[in-house]
Engineer: 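Next up is a structure, given as structure tokens.
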Amino acid sequence: MSLLSVRLSRALERGRAPAASPATRAELLRVLLRKRAAAHNAGAGDLEAMLRDQILWSLPMESRSD
């Protein structure tokens, strides 16, 4: 997926009704994982890497108590 394709996709999204935000963290992760899989299937390595970072950021963190 080229930069031009990403820009076109974003321009089309701006013309659509706003998407509802995910209700739960699990739903957010499902959306991100689907998008990452689609980027992988399209051969968009940069987009897939960006989505992987977002997935890692959205995962719950547990602190270690010793």
Side-chain angles (χ1 to χ4, degrees):
M1 188 174 220
S2 69
L3 180 59
L4 180 60
S5 297
V6 172
R7 286 184 180 170
L8 177 61
S9 175
R10 288 181 181 162
L12 289 173
E13 274 188 32
R14 279 188 235 120
R16 296 180 184 151
S21 59
T24 64
R25 181 175 288 208
E27 188 177 334
L28 172 64
L29 286 171
R30 277 194 296 273
V31 169
L32 289 172
L33 287 168
R34 281 191 206 115
K35 286 182 178 184
R36 192 214 51 86
H40 175 77
N41 290 337
D46 292 341
L47 182 58
E48 184 180 2
M50 181 184 73
L51 288 164
R52 282 184 182 166
D53 289 341
Q54 288 180 2
I55 290 166
L56 287 173
W57 180 83
S58 67
L59 290 171
M61 300 298 292
E62 292 184 14
S63 60
R64 292 179 77 183
S65 55
D66 295 321

Engineer: Is there a path of hydrophobic side-chain contacts, each under 4.5 Å between heavy atoms of I/L/V/M/F/W/Y residues, joining M50 to L59?
Structural biologist: yes
Engineer: Out of V31, L32, L29, which residue meets the side-chain contact (heavy atoms from CB on, under 4.5 Å) rule with Q54?
Structural biologist: L32
Engineer: Between CG of L8 and CG of L3, what distance do you get to the nearest 0.5 Å?
Structural biologist: 11.5 Å
Engineer: Can you tell me how far CG of L47 sits from CZ of R52, rounded to the nearest 0.5 angstrom?
Structural biologist: 11.0 Å
Engineer: Roughly how far, to the nearest 0.5 Å, is the CG atom of L56 from the CG atom of L51?
Structural biologist: 11.0 Å
Engineer: Roughly how far, to the nearest 0.5 Å, is the OG atom of S58 from the CG atom of D53?
Structural biologist: 11.0 Å
Engineer: Measuring from R10:CZ to S5:OG, what's the distance to the nearest 0.5 Å?
Structural biologist: 11.5 Å
